[in-house]
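Right, one structure below, let's go through it.
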Amino acid sequence: MTPYYITTTLPYVNADPHIGFALEIIQADALARYHRLQGDEVLFNTGTDEHGQKIYEKAIKEGKDTQAYVDEYAAKFDRLKEALNLTYTNFIRTSDPNHKKAAQEFWNRCLANGDIHKDQYQTKYCVGCELEKSDSELVDGKCPVHPNLELETRDEENYFFAFSKYQKPLQDLYLANPDFVIPDYRFNEIKSFVDAGLKDFSISRVKEKMPWGVPVPGDENHVMYVWFDALVNYISTLGWPNEEGDFKKFWPGVQVAGKDNLRQQSAMWQAMLLSASIEPSKQVFIHGFITSGGQKMSKSLGNVVDPFTLVDEFGTDAVRYYLLREIPSHDDGDYSADRMEERFAELANQLGNLVSRVAAMAGKYFDGKLDRVDRDWSEQNAKLDLCMKNYDFKTYTDQIFQVVSDANEIIDKKAPFKLVKTDEAGAKKILSELADMIRFIGQSLLPIIPVSAQEILNRYAGEKIIVGDPIFPRRD
RNA sequence: CGCGGGGUAGAGCAGUCCGGUAGCUCGCUUGGCUCAUAACCAAGAGGUCAUUGGUUCAAAUCCAAUCCCCGCAACCA
């Protein structure tokens, strides 16, 4: 069995699970399932990113012990497994003792390689908020809450990672791996970013101000900046620094991430790996963002889509179907209740109805017993395989639904329900071919809508085709 | 001159590299069928391909300029 390792990014636990993360983990799940069906041995990792300033502040605000706070959130995210029918094998939490040890060992490797040094880190401080502000928080160079106050500049001594050293090695890595980042325009984006020159980045925080992080080895005054520790999860989940076992078997792997993570995944993390003398990732797949009703999701607009609510209303498979087919696999997409309804209707009317009508005819005319047809599907399968290699779940599903559409067309054009009155053998032949198409459809849809696809296969696998209740009952 | 993506039928997109009568899905209208979850099948309507100028026998596609939208602008996870 060929080992296949796929991992999502770790969601930061300062908010409830977001539909955008649901998209990411469903994409990863589809790949994991697909590879399992191909006979690969799959390790599928996800988890939670639990350190850093924002979490520390949020826990204080909610009056909770920080560890208790993150425990609560980790459990919440783990509930996605059931809600979305996910098959991840690993759930790494960055507050796990093993992960912390790995992060420290990683730090030491980079340090030993001469890539970690101290430097001054400048922060902008708003006296009004009594908080440090990042540039992206500022409006016209001022604190948006206190625009009448001048910001103070404060220096802080931090540890820095020698990112600038890795411009050439990263360029070489990209050159040697022309498919390193998918899609290609994201790859171009990161290449031009690296070509423009790299600045060393800060990888620690002063513990006094922000204690919620992995201690920097050999310096009790600093904790790691959350990025540095979080990225190490991709290997700590494999048991690293133990280089035997899962690490040896599964690394390097495929990383799935949102477009906001392009730099961290495809440049910073790769430089860190090079520094620690670890093989770079195999590939990075970047997906887009989901808008809601055409607008950015925000609490103030009240258009935030909660994956749990969605599943309660439409069911797991329909939500998976929507995210994998409606949303462009590589680009931004939109969620709207109307489109969700339409997509559900499509499942019911095209696929569900096809399964029903063929089963009904088989039952009515031939007691459910049809001839076994074994059409050669290798050409279609090759196309589907290409879609998965390109992380194009939308086209993958489109192609299967082309077969659904073909099958519905055949029924109308050849009208086996009419033909059976004059040519029973002819009708049986048509239905048998249709049943074979349905089995292909069911098999191919297993990574996309696992429960429904399996149900289809169950109904059509045996000696006798089973007539059952609607797989996707119409919604009123 | 910060970087990148984009502007093609009501909606979402393909086509642009390698110019040659504008295509897909959904929605809409009409017709057909009755096996089926009132589902399915077929036909049709609907577009100055952001704008302006240029090259060409011919431009959504090449060139130039302009307008508009969306990200990012690194230590914000």
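Any value given below was found using the heavy atoms of this structure, including those in side chains, with hydrogens, waters and symmetry copies removed. Chain letters run A, B, ... following the sequence lines, proteins first, then strands; residues in each count from 1.
Counting only heavy atoms from C-beta on, Phe201(A) has its side chain closest to C75(B) among C35(B), C75(B), A77(B). When distances run from any side-chain atom of Ile471(A) to the nucleotides C35(B), C76(B), U37(B), the shortest one goes to U37(B).
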Go along nucleotides 4-17 of chain B 5' to 3' and tag each nucleotide: B for a protein heavy atom under 4.0 Å from its base, S when only backbone or sugar atoms are that close, - otherwise.
-> S-------------

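Annotation: proximity of residues 254-271 of chain A to RNA chain B (heavy atom, distance under 4.0 Å) is found for Asp260(A), Asn261(A), Arg263(A), numbered in ascending order.
Remark: Arg93(A) engages Asp71(A) in a salt bridge, criterion side-chain N to carboxylate O under 4.0 Å. A salt bridge is defined here as a Lys NZ or Arg NE, NH1 or NH2 lying under 4.0 Å from an Asp or Glu carboxylate O, and Asp219(A) with Lys118(A) meets this definition. Using a cut-off of 4.0 Å between Lys/Arg side-chain N and Asp/Glu carboxylate O, Glu72(A) and Lys76(A) are scored as not salt-bridged.
Under a 3.5 Å cut-off, the side chain of Tyr69(A) and the backbone N or O of Val13(A) do form a donor-acceptor pair. Of the possible donor and acceptor atoms, one in the side chain of Tyr460(A) sits under 3.5 Å from a partner among the backbone N and O of Ala359(A). Remark: side-chain polar atoms of Thr94(A) are paired, donor with acceptor, to backbone N or O of Glu50(A) under 3.5 angstrom.
Checking Val226(A) against Leu347(A), the closest nucleotide of RNA chain B that is more toward the 5' end is the one next to Leu347(A).
Across all strands, Gly352(A) comes closer than 4.0 Å to base atoms (heavy-atom distances). Across all strands, Phe472(A) comes closer than 4.0 Å to base atoms (heavy-atom distances).
Taking the C1' atom of each, G7(B) and C13(B) are spaced 13 Å apart, rounded to whole Å. Taking atom C1' in both G15(B) and G6(B), the straight-line distance is 15 Å, to the nearest Å. Here, G10(B) and C28(B) have their C1' atoms 9 Å apart, quoted to the whole Å. Taking the P atoms as reference points, C3(B) lies 50 Å from C40(B), given to the whole Å. Taking atom C1' in both G46(B) and U25(B), one finds a spacing of 16 Å when rounded to whole Å. For the C1' atom pair drawn from G4(B) and C49(B), the interatomic distance equals 23 Å after rounding to whole Å. Nucleotides G20(B) and A58(B) have their C1' atoms positioned 6 Å apart, rounded to a whole Å. Rounded to a whole angstrom, the distance from the P atom of G54(B) to that of C69(B) is 28 Å.
Each salt bridge (Lys or Arg N to Asp or Glu O under 4.0 Å) pair with one or both residues in residues 359-371 of chain A, not counting sequence neighbours, appears once here: Asp367(A)-Lys369(A), Asp367(A)-Lys464(A), Asp371(A)-Lys428(A).
Atom CZ in Phe289(A) sits about 10 Å away from atom C1' in C72(B), given to the nearest Å. Summarising the geometry, the separation between CD1 on Ile438(A) and C1' on A36(B) is reported as 11 Å, rounded to the nearest angstrom. The distance between atom CG of Asp334(A) and atom P of G71(B), rounded to the nearest whole Å, is 14 Å. For Lys58(A) and A77(B), the NZ to C1' distance is 14 Å, given to the nearest whole Å. Computed from coordinates, the Lys414(A) NZ to A36(B) C1' distance equals 19 Å when rounded to whole Å. Rounded to an integer number of Å, the gap from CZ of Phe417(A) to P of C33(B) is 10 Å. Atom C1' of nucleotide C3(B) and atom CD1 of Ile190(A) are separated by 12 Å, given to the nearest angstrom. Atom C1' of nucleotide A73(B) and atom CG of Leu198(A) are separated by 14 Å, given to the nearest angstrom.
Between Phe201(A) and Phe228(A), a ring centre-to-centre spacing not shorter than 6.0 Å is recorded. Ring-centre distance between His330(A) and Phe285(A): below the 6.0 Å cut-off. Proximity of the aromatic rings of Tyr321(A) and Phe472(A) is defined here by a centroid distance below 6.0 angstrom, and this criterion is not met.
The strand RNA chain B forms stems, runs of 3 or more Watson-Crick or G-U wobble pairs with distances below 3.5 Å, at B:2-7 with B:67-72, B:10-13 with B:23-26, B:28-32 with B:40-44, B:50-54 with B:62-66.
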Would you list the protein and nucleotides 38-44 of chain B atom pairs, both N or O, that sit under 3.5 Å from each other?
{"from": "A39(B)", "atom 1": "OP1", "to": "Arg474(A)", "atom 2": "NH1", "distance (Å)": "2.8"}
{"from": "A39(B)", "atom 1": "OP1", "to": "Arg474(A)", "atom 2": "NH2", "distance (Å)": "2.9"}
{"from": "A39(B)", "atom 1": "O5'", "to": "Arg474(A)", "atom 2": "NH1", "distance (Å)": "3.4"}
{"from": "A39(B)", "atom 1": "O2'", "to": "Asn349(A)", "atom 2": "O", "distance (Å)": "2.9"}
{"from": "A39(B)", "atom 1": "O2'", "to": "Asn353(A)", "atom 2": "ND2", "distance (Å)": "2.6"}
{"from": "C40(B)", "atom 1": "O2'", "to": "Arg357(A)", "atom 2": "NH1", "distance (Å)": "3.0"}
{"from": "C40(B)", "atom 1": "O2'", "to": "Asp412(A)", "atom 2": "OD1", "distance (Å)": "2.7"}
{"from": "C40(B)", "atom 1": "O2", "to": "Asp412(A)", "atom 2": "OD2", "distance (Å)": "3.1"}
{"from": "C41(B)", "atom 1": "O4'", "to": "Asp412(A)", "atom 2": "OD2", "distance (Å)": "3.1"}

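Just one of Phe289(A), Phe314(A), Tyr322(A) meets the ring-ring contact (aromatic ring centres under 6.0 Å, His included) condition when paired with Tyr335(A); it is Tyr322(A).
One side chain, Asn233(A) or Asn45(A), offers a donor N or O that lies under 3.5 Å from an acceptor on the other. Using modelled atom types, one finds no donor on one side chain facing an acceptor on the other under 3.5 Å when comparing Gln27(A) with Ser329(A).
Regarding contacts with the backbone of A74(B), every side-chain N or O of Lys199(A) stays at 4.0 angstrom or more from both OP1 and OP2.
Applying the side-chain hydrogen bond (donor to acceptor under 3.5 Å, both in side chains) rule to Glu409(A) yields the partners Lys413(A); only residues at least two apart in sequence or on another chain are considered.
Counting non-hydrogen atoms of neighbouring residues, nucleotides and ligands closer than 6.0 angstrom, the CD atom of Glu62(A) exceeds 12 such neighbours.
Under the 30°/60° scheme for interplanar angles, the aromatic rings of Tyr174(A) and Phe180(A) are found to be tilted.
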